[in-house]
Amino acid sequence: MTERGPLKLGFLMFPGFPMACLTQAIEPLRAANEITGRREFTWKLVSETMAPVRSSAEIGFEPDQTLQQVEGLDHLYLLSPPTADFADPRRSPARLRWLERTGVTLGAFSGGIFPLARAGLLQGRACSVHWCYEAAFKADFPQVEAREVTILREGRRITASGAGAVFDLMLRLIEERLGRDCMTEVACWFQHPFVRDADASQKVPVARASGTTDNLPTAIREAIRLFETHVEDPLRIPDVAAAVGLSGRHFERMFKRETGQSPLRYYHHLRLMKARQRVLYSGDSLREIAVSVGYLTSSPMIRHYTEIFGVSPRDERRLTKGLRAVPSQVEAAE
């Protein structure tokens, strides 16, 4: 019997949080407890109030305690959509900063990096940013280094980019506490195929193609990297071909063979996908968004956006806000 106490984790839930991230965190810890026959890990569901919190799957979760009541935790992870705001924007960030000063490891899963950054707890740090939130996060928090890795652990700050990454993170915590044999048994319980390295890059889909960027030839992968890093200041396709060491014609043929579309069309779609992230997950004006993806004015961006996505950016933003229009936790508690 071990003499040390259990590792105590808390999960701070915001309305609309990704339920998969919560279950992928708790289930491997539960399995580790069951395998060892000891409570090596304990966890609490936390919220800003004691009102039930509805997840992205429209399933409600009852908090065990409020953020203001939290004490004695070793880790606290924020789970939220990228648009989440604090119900109490004065006391809640202050409480998180106090917990950090008392030695609690703070982290965030998926969109939870947004409130963590809004609380000022990612200043001067790097974090793992899910590829589908990357453009919006970089626009809102240019002082935070956004990395494409699945998990990033920097001292007492831990971020994970999605539910699969959360499961891997929990396996790492199990390994550190209970050894590799226990970690492997937990992974096998869930038929988890492998444990990614801590610095593993995210899997990113190739736009409009049934594959991921890591499976592409080096030249095409490098071209896409150039496209990704020149969204605001678009490059000429012949210049990209030259940069990856291919003739213009060879580059066009190879790119279309690997992705199913021409380089120009791919680049155009990529820029509009970045615009869409900011339409959905930021409060930037359409003019600001257009400039950020290489348009001089918003009108052509709006036209192209509507052609590709079948809805105008204004309408999509309005529709998305309508879906999120649920009572706040404070209102629900009153």
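This chain uses plain numbering: 1 for the first residue, then up along the sequence.
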Which heavy atom of Ala84 sits nearest to which heavy atom of Arg118, and what is that distance? O-NH1, 2.5 Å
Any donor and acceptor pair, going by atom type alone, linking the side chain of Arg125 with main-chain N or O of Val144 inside 3.5 Å? no
So the salt bridge (charged side-chain N to carboxylate O under 4.0 Å, His left out) pairs with at least one residue in residues 127-140 (sequence neighbours excluded) are Glu134-Lys138, Glu134-Lys274
Is there a donor-acceptor contact under 3.5 Å from the side chain of Ser312 to the main chain of Asp315? yes
Please report whether the ring centroid of Phe251 lies less than 6.0 Å from that of Phe255. yes
Distance alone, cut at 3.5 Å: any donor-acceptor contact between the side chains of Ser292 and Glu232? no
About how many Å separate CG of Leu79 and OG of Ser56, when rounded to the nearest 0.5 Å? 10.0 Å
Got Met13 and Val46 here, is their nearest side-chain heavy-atom distance under 4.5 Å? no
Single hit among Ile35, Ile174, Leu173 for side-chain contact (heavy atoms from CB on, under 4.5 Å) with Met183: Ile174
Within the structure provided, determine whether His192 and Phe167 are in side-chain contact (heavy-atom separation under 4.5 Å). yes
Does Phe141 reach the side chain of Val129, with side-chain heavy atoms less than 4.5 Å apart? no
Residue pair Phe114 / Pro81, side-chain heavy-atom distance below 4.5 Å: no
Look only at the side chain of Gln69 and the backbone of Thr66, and say whether a donor-acceptor pair between them is shorter than 3.5 Å. yes
dist Arg54:CZ -> Glu58:CD (nearest 0.5 Å) comes out at 5.0 Å
Can you name the closest pair of heavy atoms from Pro6 and Arg177 and give their distance? CA-NH2, 3.5 Å
Arg153 side chain vs Thr159 backbone, donor-acceptor pair below 3.5 Å: no
Nearest 0.5 Å please: distance from the CG atom of Leu264 over to the CD1 atom of Ile237. 5.5 Å
Charged N-O contact under 4.0 Å between Arg249 and Glu252: no
Can you tell me if Gln65 has over 12 outside heavy atoms packed within less than 6.0 Å of its CD? yes
Residues Leu96 and Ala119: closest non-hydrogen pair is CD1-CB, 4.2 Å
Could you pull out every donor-acceptor pair under 3.5 Å between side chains of residues 14-21 and any protein atom, sequence neighbours left out?
none

Evaluation steps, side-chain contact (heavy atoms from CB on, under 4.5 Å), between Ile220 and Tyr266: CA-CA 12 Å; Ile220 303 305; Tyr266 182 97; over 6 Å; no
Flag if over 12 foreign heavy atoms under 6.0 Å of CZ, Arg91: no
Over all heavy atoms of both residues, which pair between Ala126 and Arg147 is shortest? Give the atoms and the distance, please. CB-NE, 3.6 Å
Nearest-0.5 Å distance, CG of residue Leu272 to OH of residue Tyr267: 12.0 Å
Sequence-distant partners of Tyr305, side chain to side chain donor-acceptor pair (under 3.5 Å), two or more places apart: Glu316
Is a donor on one side and an acceptor on the other found under 3.5 Å between the side chain of Arg95 and the backbone of Leu67? yes
Could you go through the side-chain contact (heavy atoms from CB on, under 4.5 Å) check for Leu99 and Leu76 one step at a time? CA-CA 9 Å; Leu99 289 169; Leu76 178 64; 3.8 Å; yes
Smallest separation among heavy atoms of Leu29 and Ala25, with atom names: CG-O, 3.2 Å
Under 4.0 Å between a side-chain nitrogen and a carboxylate oxygen: does that hold for Glu175 and Arg172? yes
Test log, rule salt bridge (charged side-chain N to carboxylate O under 4.0 Å, His left out), inputs Arg225 and Glu222: CA-CA 5 Å; Arg225 188 194 67 78; Glu222 175 62 14; 2.7 Å; yes
Quick check: does any side chain N or O of Thr229 sit under 3.5 Å from a backbone N or O of Leu226, one acting as donor and the other as acceptor? yes
Trp189 side chain reached by Thr184 side chain, heavy atoms, under 4.5 Å: no
Would a 4.5 Å heavy-atom cut-off, applied to side chains only, mark Arg157 and Leu122 as touching? yes
Can you check whether Gly111's main-chain N or O pairs, donor with acceptor, with Ser80's side chain at less than 3.5 Å? yes
Considering residues at least two apart in sequence or located in another chain, which fulfil the ring-ring contact (aromatic ring centres under 6.0 Å, His included) criterion with Tyr77? His75, Phe109
Under 4.0 Å between a Lys/Arg side-chain N and an Asp/Glu carboxylate O for Arg4 and Glu40? yes
Kindly say whether Thr150 contributes a backbone atom to a donor-acceptor pair with the side chain of Ser161 at under 3.5 angstrom? yes
With a 4.0 Å cut-off, would you call Glu27 and Arg30 a salt bridge? yes
Lys NZ or Arg CZ of Arg276 over Phe309 ring: under 6.0 Å, within 45°: yes
Take atom CG of Asp181 as the centre, draw a 6.0 Å sphere, and report whether it contains more than 12 heavy atoms from other residues, nucleotides or ligands. no
Non-hydrogen atoms of Thr36 and Cys182 that approach each other most closely: CG2-SG, 4.1 Å
Can you list the steps and then say if Leu286 with Arg314 is a side-chain contact (heavy atoms from CB on, under 4.5 Å)? CA-CA 8 Å; Leu286 294 186; Arg314 288 189 181 89; 3.5 Å; yes
Thr218 vs Val244, side-chain contact (heavy atoms from CB on, under 4.5 Å): CA-CA, chis, key distance, verdict: CA-CA 9 Å; Thr218 302; Val244 300; over 6 Å; no
Given Leu45, which of Asp64, Leu12, Val53 fulfils the side-chain contact (heavy atoms from CB on, under 4.5 Å) condition? Asp64
Does Ala87 offer a backbone N or O that forms a donor-acceptor pair with the side chain of Glu48 under 3.5 Å? yes
More than 12 heavy atoms of other residues, nucleotides or ligands under 6.0 Å from NZ of Lys8: yes or no? yes
Return all side-chain donor-acceptor pairs below 3.5 angstrom for residues 295-302, not counting sequence neighbours, or 'none' if the list is empty.
from	atom 1	to	atom 2	distance (Å)
Tyr295	OH	His268	NE2	3.1
Tyr295	OH	His304	ND1	2.9

To the nearest 0.5 Å, how far apart are CG in Leu270 and CD in Glu228? 4.5 Å
Nearest 0.5 Å, what's the CG-CG distance between Asp74 and Leu7? 4.5 Å
May I ask you to test the Tyr133-Ser110 pair for a side-chain heavy-atom distance under 4.5 Å? yes
Which residues pass the side-chain contact (heavy atoms from CB on, under 4.5 Å) test with Arg101, sequence neighbours left out? Arg97, Trp98
Would the distance check show the side chain of Ser92 and the main-chain N or O of Phe86 forming a donor-acceptor pair, the cut-off being under 3.5 Å? no
Thinking salt bridges, do Arg278 and Glu288 make one under a 4.0 Å N-O criterion? no
More than 12 heavy atoms of other groups within 6.0 Å of Arg39 CZ: no
